[in-house]
Amino acid sequence: LLTEAERRQLLVEWNDTTVEYPRDRCIQELFEAQVEQSPEAVALVYGAEQLSYRELNARANRLAHHLRSFGVGPEVLVWVCLERSIELVVALLAVLKAGGAYVPLDPGYPAERLAFMLADTQAPVLLTHASLAAKLPAYGGHTVSLDRDAASIARHPQTNPPVSSRPTHLAYVIYTSGSTGQPKGVVVEHRQAINFLHGMTRAWNIGPGSAVLAFAAFTFDVSVMDLFM
């Protein structure tokens, strides 16, 4: 039904969507570049609290150094079980800066689902608060409590840790709903997340002065766009 010119337009010209993006960087490296570019700009707002890029970077760096002392590095999974807060964003950035991959854990999930996910990943480190840790099923790894261990975390330097991860390393693992059986962990590399983030930033024309509402639960993949774009 199509002429050769129409066929070429449909399959070649309209499908020429290749765009360059930072293929050789990790998420935390792009964030650190933004810190250098606009250190005093507002990076994060939660209720009456707000942090500049410099402040957010410093807090994430201290926690990242702390995580590295427990062996967190490339391909190492770290559970993050926190309520929506500034500390949640600090924790996610810290895991990436340490070189690891974060696995979000909603403290409101049913106990059976929490127990399955904790056992399924065998992640060696859990980031949480003391009050939440007490409600979680038995966990055999090392628990870092952001409130209980605050003094220890604060003793670490606020400088950027040396980059140990590569674009092909895992950035995060998010579990499916399990509506067709057991939940399944979907692994995403830095390069895949950056491809998505770069595309959405261009499509929505995100730049200086823009604000992005983080509406999605951090256990849902859309949160990656909400938080890091």
Side-chain angles (χ1 to χ4, degrees), residues 19-68 72-74 78 80 82 84-102 104 127 146 153-154 156-174 188-218 220-229:
V19 175
E20 285 302 312
Y21 66 95
R23 300 171 185 267
D24 60 341
R25 310 292 290 280
C26 292
I27 295 172
Q28 72 274 18
E29 291 181 275
L30 297 181
F31 172 75
E32 289 166 2
Q34 187 63 41
V35 173
E36 289 293 322
Q37 183 175 324
S38 53
E40 302 308 322
V42 175
L44 182 62
V45 176
Y46 177 75
E49 300 177 81
Q50 68 178 38
L51 291 181
S52 67
Y53 277 94
R54 177 182 54 79
E55 292 168 330
L56 177 56
N57 193 52
R59 287 182 58 172
N61 284 342
R62 290 192 184 97
L63 182 54
H65 286 292
H66 190 70
L67 291 174
R68 282 199 170 179
V72 176
V78 177
V80 178
L82 292 166
R84 180 177 290 263
S85 62
I86 278 182
E87 282 190 316
L88 170 61
V89 182
V90 170
L92 300 183
L93 277 172
V95 173
L96 298 178
K97 282 171 167 285
Y102 71 84
L127 268 177
L146 296 184
I153 295 168
H156 288 280
Q158 62 182 28
T159 53
N160 294 331
V163 178
S164 60
S165 52
R166 298 193 299 271
T168 53
H169 283 144
L170 297 184
Y172 59 90
V173 178
I174 287 184
V188 178
E189 300 171 356
H190 282 269
R191 59 178 178 169
Q192 297 157 353
I194 288 176
N195 184 9
F196 172 56
L197 289 166
H198 189 72
M200 294 307 297
T201 300
R202 287 171 58 93
W204 288 3
N205 195 29
I206 300 296
S210 300
V212 180
L213 176 66
F215 67 91
F218 83 123
F220 181 42
D221 203 61
V222 172
S223 66
V224 177
M225 177 179 69
D226 292 350
L227 296 175
F228 297 124
M229 184 163 60

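This is a predicted model, so every value here is computed, not measured.
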Pro22 vs His198 side-chain heavy atoms within contact, under 4.5 Å: yes
In a check of side chain to side chain donor-acceptor pair (under 3.5 Å) between His156 and each of His66, His65, Arg68, Arg62, which one passes? His66
Verdict with reasoning, Phe228 to Ile194, per side chain to side chain contact (heavy atoms under 4.5 Å, CB included): CA-CA 9 Å; Phe228 297 124; Ile194 288 176; over 6 Å; no
Could you tell me which residues satisfy salt bridge (Lys or Arg N to Asp or Glu O under 4.0 Å) with Arg202, sequence neighbours excluded, listed by chain and number? none
Apply ring-ring contact (aromatic ring centres under 6.0 Å, His included) to Tyr102 and list each qualifying residue two or more places apart in sequence or on a separate chain. Tyr172
Contact summary for Ala193 and Ile27, nearest pair of heavy atoms: CB-CD1, 3.8 Å
Heavy-atom side-chain proximity of Lys97 to Asn57 below 4.5 angstrom: yes
Would a 4.5 Å heavy-atom cut-off, applied to side chains only, mark Leu96 and Phe31 as touching? no
All heavy atoms of Met229 vs all of Thr201, minimum pair found to be CG-OG1, 3.2 Å
For the CZ atom of Phe220 and the CZ atom of Phe215, what is their distance to the nearest 0.5 Å? 7.5 Å
For the CG atom of Leu146 and the CG atom of Leu82, what is their distance to the nearest 0.5 Å? 5.5 Å
Within a strict 4.5 Å, meaning less than it, do heavy atoms of the Glu189 and Arg166 side chains meet? no
Does Leu213 reach the side chain of Asp226, with side-chain heavy atoms less than 4.5 Å apart? no
With a 4.5 Å heavy-atom cut-off, do Pro104 and Ile174 have their side chains touching? yes
Nearest heavy atoms of Ser165 and Gly99, plus distance in Å: CB-O, 3.9 Å
What are the two closest heavy atoms between Asn61 and Pro161, and how far apart are they? OD1-CD, 3.4 Å
Would you give the length of the straight line joining atom CG of Leu67 to atom CD1 of Ile153, rounded to the nearest 0.5 angstrom? 7.5 Å
Show the numbers, then the answer: is there a side chain to side chain contact (heavy atoms under 4.5 Å, CB included) between Leu197 and Leu30? CA-CA 11 Å; Leu197 289 166; Leu30 297 181; over 6 Å; no
Gln28 side, atom CD; Asn160 side, atom CG - distance, nearest 0.5 Å: 9.5 Å
Walk me through it: do Phe218 and Val80 pass the test side chain to side chain contact (heavy atoms under 4.5 Å, CB included)? CA-CA 10 Å; Phe218 83 123; Val80 178; 4.1 Å; yes
For a 4.5 angstrom cut-off between non-hydrogen side-chain atoms, does Tyr46 reach Val89? no
Would you give the length of the straight line joining atom CZ of Arg191 to atom OG1 of Thr168, rounded to the nearest 0.5 angstrom? 6.0 Å
Heavy-atom pair with the smallest gap, counting every atom of Ser52 and Ala43: C-CB, 3.8 Å
Beyond-backbone contact of His190 with Arg25, side-chain heavy atoms, under 4.5 angstrom: no
How far apart are the closest heavy atoms of Cys26 and Pro167, and which atoms are they? SG-N, 3.7 Å
d(Ser223 OG, Leu92 CG) to nearest 0.5 Å is 7.5 Å
